[in-house]
Colleague: 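Quick one: this structure, given as structure tokens, is what I'll be asking you about.
Here is how names work: the chains are called A, B, and so on, in the same order as the sequence lines, proteins then strands, and each is numbered from 1.
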Amino acid sequence: MFPEKAVVDGLADAAHLAEVQGRSLWKDARIRFFRNKAAVASLVVLIAIGIFAVFGGLIAQYERDFIDFSLMGANQTKGTPSFATGHYFGTDSSGRDLFARTVQGTRISLLVGLVGAGVAVVVGTLYGAIAGYFGGRIDGIMMRTVDILMSIPFMFVLILMLVIFGRSILMLFIGIGLISWLDMARIARGQTLTIKNKEFVEAAVATGVSPMKIILRHVVPNLLGIVIVYATLLIPGMIITESFISFIGLGVSEPNTSLGALISAGAGQMQYGVIWQLLFPLFFFIITLFAFFFVGDGLRDALDPKDR
Amino acid sequence: MFSYIIRRLVVAVPTLLILIIISFVLMFAAPGGPFTSERALPDAVMANVMERYGLDQPYWKQMFDYVTNIVLHFDFGPSFQYRDRTVNDVIAQGFPVTLTYGFWSFVVAIVVGVSLGVAAAIRHNTWLDYLAVGISIGAQVLPNFVMAPILLLVFTLWLGWLPGGGWNGGQWNYVIMPVIALSTSYMASIARITRSSMLEVLNSGFIRTARAKGLPTSRIIIRHALKPAMLPVLSYLGPAFVAMITGSVVVDVYFSTGGIGQFFVNSAFNRDYSVIMGITILVGALTILFNLLVDIAYAWIDPKIRY
């Protein structure tokens, strides 16, 4: 008649065991990443900062460009951080709500980092993969170009650009995008050199796949791991660059702001005892950078175990 | 060796030319010239002004004159904003200041960074190692424009030990804060690089041999391990140099030291193109020269490099 229940369960277990799946490299990497406590904590912090930057404006009691004239110039006494007035982070010297401005500054800084990293990933990876795959004279010319561009003091050229074409967020993005892909191109090229000698590339060549298709289908997907790692590690550099330019007053223009501009404004106010105007933006700046460093480090350990 | 230097020089020259061309093209692409003002000048006056600065010439001629003046006479031309001042005056006034604190920052970053890195490697996995790693991670997220206000807050406002700005002919207490602000993050990077390369060297065979011979540890470190461990640090010096010149912009603005960065930012606000271009090209030339020197030193020290 019917088999005993215990037997059925046993069979089900056995069937389940047979279904054990092989772990893919990505799954392996994910497990390694989540074992790294500092990286996971930083990821949580990063997500929190992201939520703060995107939705923080909803909690703010004031618009970021609303000027409270009664507080203008009196923020030392009346503009202190308090929940009662709705200025959670206090006000700046013009009587604007620092909370709303910090939210916006964080958003711009994150955006700059992401755009820079995005350009680096797309342009840098393709450029490096093409140079590495074709090799020979093409490689020589392409990588010499990168060498030459790298030895130009780009911060100065970027400032020159901002002065000549006017200060705007778009210009800043273009400028930072222009610098960011160089390192990535070098890394992608180095990696491509080893990938192009692998059997699957040979097989693709033998079956007559066109070079561009091999690069896009076979080389680039295998670069992804290392590209993601270095993109994450690039982001803090981008944020620092943007903040640097905003700090000296050439970055985003009012009423927009960024963490660098806020730190600069806060630093100018601290001699009047308005310490919070420096500390709040500085806090967000530092924890954002820390979080990116640790996440990048964790990703490197997870995706690129050889390189320590 | 000689042919290697020549080959590097051959690459350095077009690099500099590209920099000059980029700056020039940017300037021509600018909407409005340096003399466009709200109040339109009479045509005759405008023509005179254009002639005085050579702006009536075709573009290629302007660029050619600019480059030959720099190369042959080291003349960067007049400032567009200040009648009585040339770009050369600006450089002569600001550059010595930048060089002074830049040099000390370099010394501090290398000496402190290398000692910290070596100490951390020798005492691997002890509290000293963790402290060094902690400092180098911490300093990475404290770029100079964050260091500067913090230093000012602590040493000038709270403790009142150091003057809050100015140069005063380079008196020591005016130099301290610029140097600390500028050198911290590079000190951290150098410490990190030194530590990891030192750890690698200390695990290699020839160090074991030296230990087996019974040499004292200090002698092993100084005579045997330091030189090979310094190679990665050496290759970092090029980028560090660039970063320090760039960082001088913040230091100058923040501590009013009157270095080249201050002129650069002021000119940027005044749209004084010729000064910005002059400084950009000068910094570019120095960067290329410095990278060249580092590469030559590298090839000279590392026997594995073939040139």
Colleague: With chain A as the partner, which of B:Val146, B:Val253, B:Thr287 has the greatest number of non-hydrogen pairs under 4.5 Å?
Modeller: B:Val146
Colleague: Do you know which of B:Ile18, B:Leu16, B:Asn144, B:Leu153 has the most heavy-atom pairs under 4.5 Å to chain A?
Modeller: B:Leu153
Colleague: Determine the minimum heavy-atom distance between A:Ser243 and B:Phe145, stating which atoms define it.
Modeller: CB-CZ, 3.4 Å
Colleague: Just how far is it from atom CD1 of B:Ile137 to atom CG of A:Asp297, taken to the nearest 0.5 Å?
Modeller: 7.0 Å
Colleague: Do any of residues 176-185 of chain A have a heavy atom less than 4.5 Å from a heavy atom of chain B, and if so, which, in residue order?
Modeller: none
Colleague: In terms of heavy-atom proximity below 4.5 Å to chain B, should A:Phe294 be classed as side chain, backbone, both, or neither?
Modeller: side chain
Colleague: Identify which part of A:Phe290 has an atom lying under 4.5 Å from any heavy atom of chain B, answering side chain, backbone, both or neither.
Modeller: both
Colleague: So for B:Phe264, is it side chain, backbone, both, or neither that comes closer than 4.5 Å to the heavy atoms of chain A?
Modeller: side chain
Colleague: Give, as side chain, backbone, both or neither, the part of A:Phe244 having an atom under 4.5 angstrom from any heavy atom of chain B.
Modeller: both
Colleague: Examine whether an atom of A:Ile240 lies under 4.5 Å from a heavy atom of chain B, and if so say whether it belongs to the side chain, the backbone or both; otherwise answer neither.
Modeller: both
Colleague: Which one, B:Val265, B:Val250, B:Ile288, leads in non-hydrogen pairs under 4.5 Å with chain A?
Modeller: B:Val250
Colleague: Measure the spacing between CD1 of A:Ile263 and CD1 of B:Ile150 and express it to the nearest 0.5 Å.
Modeller: 9.0 Å
Colleague: Name the option with the most non-hydrogen atom pairs under 4.5 Å to chain B; the candidates are A:Leu289, A:Leu278, A:Ile286.
Modeller: A:Leu289
